[in-house]
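These notes concern the structure reproduced below.
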Number of protein chains: 2
Amino acid sequence: MDSVLKKKMDDFQAACRARDLKVTPQRMEIFRELAEAEDHPTAEKIHQRLSERLPSLSLDTVYRTLRTFAEMGLILRVETTDSQAYFEVSHAPHHHLICEKCKKIIDFQWQQMDEAQLPEEVRALGRFEKKNVVVYGICNRCLGK
Amino acid sequence: MDSVLKKKMDDFQAACRARDLKVTPQRMEIFRELAEAEDHPTAEKIHQRLSERLPSLSLDTVYRTLRTFAEMGLILRVETTDSQAYFEVSHAPHHHLICEKCKKIIDFQWQQMDEAQLPEEVRALGRFEKKNVVVYGICNRCLGK
DNA sequence: CTGTAAATAGGAATTGTTCCTATTTACGAA
DNA sequence: TTCGTAAATAGGAACAATTCCTATTTACAG
C-alpha cells in the first residue's frame, strides 16, 4: 500500500538519527500527520487530530516538535498576515495563494519564479536564497463562482 | 519645508473623508509617524514613539487604527514568520528581504516580478492580485562582511 | 451650539506560543 | 536484557501580541 508514506517515514527516522534526535512516538505521529495532511494545519489542529491516538500528547510537545522539524528543514512554516503559523512538509518548492475572505491557503508552483534571479543590487546585500511568494486575493468559491 | 509630507497628510485626510472616517489627532499622528518612518515599526513601537506627543494614546487605538489603515489600503502589513506584525505606508510596490539572524527587514524593488503574470492555472483559481515576495537569508552584516 | 454616531482610553480578556520542572523514555553500553 | 543517562515529554504557569468591553470623549453635520 502506501509505500510512499513508508519511505517518508524511513527518511524521517534517518534524518533524526543523523542529528542524534530520538525517534519518539510523538515525533513519528506528528511527522506522519503532516506528511499525510492535504491542508496546512496549525499546531493546535495537529494536536487535536492526534489526541485520539495519543491522548496525553501535550500542546507544548507539538510546538516544540514543529520547531525542531523546521530547524531540521523537514517542514516549512507558511507565512501569513494572521498570527497563527501554518505548517506543511516541504516537498517541491511552491508558493501560496491566500484567500482574504475564507483564509484558505492554496499551494501553487511557479517555476519561472523559482528560477528567477534576484536583482543585482539585492544579491549584493547578503546571501538571500529562500524566495517565498504570497499572493492575496479572493478565491473562486468566495467570489461565488 | 517638507511639502512631500504635507501632501501625504492632505491625501490622507482626503482618504479619510472619502470613507466618512473622522480625522482625529490620533489618526493623524499615527499616519504621520508611519509616513516618516525609515524602518518597519510594530504597533508597540509606534505607540512608544507617539506617547510623548500624545501621552494618553492607548495601545488599542494604535492597533485599531492600523487595522483601519490597512483596510483602507493606506498601509501594508509586512509578513514575517515571527508573530509580531510590522507596518509601513505603501509607496512604490516592493518586496522584502528578511535576515534570519538579526530579523532586519530590507525593502527592495523588483519590477520584473511586479509585472510577471501568475501562471495560467493559478489565475483560474480566483481573483488574485497582490503579489508579495519575501526572501529569507543572511544579511552582509551578519555574515561578517 | 448642539446632538449623535464614531472614536478613544484603559483595563480585562483572549489567543498563540513558550517556559518551567518533575517525570518518563529512547537507546547506547555493559 | 538490564541499566544509566541525557533527551524528551506532560501539564500547567507565564508571556506577548492582539482584541474586546464599555464608559467617556470628540469630530463634525446641521
Side-chain angles (χ1 to χ4, degrees), chain A residues 9 12-31 33 40-72 74-75 77-87 103 105, chain B residues 9 12-31 33 40-72 74-75 77-87 103 105:
Chain A
M9 294 311 297
F12 166 69
Q13 297 195 29
C16 286
R17 290 205 204 86
R19 288 156 217 257
D20 283 314
L21 293 176
K22 294 182 180 168
V23 179
T24 67
Q26 289 88 340
R27 285 180 175 160
M28 293 276 280
E29 289 299 325
I30 291 169
F31 182 81
E33 191 60 40
H40 299 78
T42 61
E44 196 99 33
K45 197 108 223 148
I46 292 167
H47 181 252
Q48 268 177 34
R49 291 182 187 166
L50 289 179
S51 57
E52 204 176 313
R53 233 176 310 169
L54 295 174
S56 74
L57 180 68
S58 83
L59 190 53
D60 182 45
T61 296
V62 177
Y63 276 109
R64 194 170 4 84
T65 304
L66 290 173
R67 244 184 306 143
T68 306
F69 289 176
E71 280 161 20
M72 295 168 75
L74 287 178
I75 66 171
R77 279 177 84 104
V78 178
E79 320 302 329
T80 77
T81 297
D82 294 337
S83 40
Q84 259 190 304
Y86 292 78
F87 298 89
K103 309 294 180 191
I105 301 174
Chain B
M9 294 310 298
F12 166 68
Q13 297 194 31
C16 285
R17 288 203 207 87
R19 288 157 217 255
D20 283 314
L21 294 177
K22 294 181 180 168
V23 179
T24 67
Q26 290 88 339
R27 284 178 176 162
M28 293 277 279
E29 290 299 325
I30 291 170
F31 183 82
E33 191 59 40
H40 299 79
T42 61
E44 197 99 30
K45 196 109 225 148
I46 293 168
H47 181 252
Q48 268 177 35
R49 291 182 187 166
L50 289 179
S51 57
E52 204 174 312
R53 233 176 309 168
L54 295 173
S56 75
L57 179 68
S58 82
L59 190 53
D60 182 45
T61 296
V62 177
Y63 276 109
R64 196 172 1 85
T65 304
L66 290 173
R67 241 182 311 140
T68 306
F69 289 177
E71 278 161 21
M72 295 167 75
L74 287 178
I75 66 171
R77 280 177 84 104
V78 178
E79 318 303 330
T80 77
T81 297
D82 294 338
S83 40
Q84 256 189 306
Y86 293 78
F87 298 89
K103 309 293 179 191
I105 301 174

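Proteins get letters first, then strands, A, B, ... in listed order; numbering begins at 1 in each.
- The distance from atom CD1 of A:I30 to atom C1' of D:dA8 is 11 Å, rounded to the nearest whole Å.
- B:E71 places its CD atom 11 Å from the P atom of D:dT19, with the value rounded to the nearest Å.
- Residues B:M72 and B:R67 are not in side-chain contact: their nearest non-hydrogen atoms beyond the backbone lie 4.5 Å or more apart.
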Worked check of side-chain contact (heavy atoms from CB on, under 4.5 Å) between B:S58 and B:Q26 = CA-CA 10 Å; B:S58 82; B:Q26 290 88 339; over 6 Å; no
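- Taking the side chain as every heavy atom from C-beta outward, A:L57 and A:S51 never approach each other to under 4.5 Å.
- Within residues 12-27 of chain B, the residues that place at least one heavy atom under 4.0 Å from DNA chain C are, in residue-number order, B:L21, B:K22, B:T24, B:Q26, B:R27.
- Atom CD1 in A:I75 sits 10.0 Å away from atom CZ in A:F12 (nearest 0.5 Å).
- At least one side-chain heavy atom of A:L66 sits less than 4.5 Å from a side-chain heavy atom of A:I46.
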Between protein and nucleotides 22-24 of chain C, what N or O pairs are separated by less than 3.5 Å?
none

Between the protein and nucleotides 18-21 of chain C, list the N/O to N/O atom pairs that are separated by less than 3.5 angstrom.
from, atom 1, to, atom 2, distance (Å)
C:dC19, N4, A:D60, OD1, 2.6
C:dC19, N4, A:D60, OD2, 3.0
C:dC20, N4, A:D60, OD2, 3.4

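- Counting all heavy atoms, side chain and backbone alike, B:V62 lies closest to B:A43 at CG1-O, 3.5 Å.
- Legend: residues meeting side-chain hydrogen bond (donor to acceptor under 3.5 Å, both in side chains) with B:R64, ordered by chain and number and at least two apart, are B:T61.
- Ring-plane geometry between A:F69 and A:F31 is classed as perpendicular, the angle between the planes exceeding 60 degrees on a 0 to 90 degree scale with a lower cut at 30.
- Listed in residue order, the members of residues 48-58 of chain A having a heavy atom less than 4.0 Å from DNA chain D are A:S56, A:L57, A:S58.
- Note that CG of B:L74 is 11.0 Å distant from CZ of B:R27, once rounded to the nearest 0.5 Å.
- Distance B:M28 CE to D:dT26 C1': 15 Å, rounded to the nearest Å.
- Checked options B:M28, B:H47, B:E29; the residue passing with B:L54 is B:E29 (criterion: side-chain contact (heavy atoms from CB on, under 4.5 Å)).
- Looking at heavy atoms from C-beta onward, A:E33 lies out of side-chain contact with A:P41 at the 4.5 angstrom threshold.
- End-to-end axis angle of the helix from C:dC1-D:dG30 to C:dA30-D:dT1, from C1' rotation axes over five pairs per end: 30° (rounded to 10 degrees).
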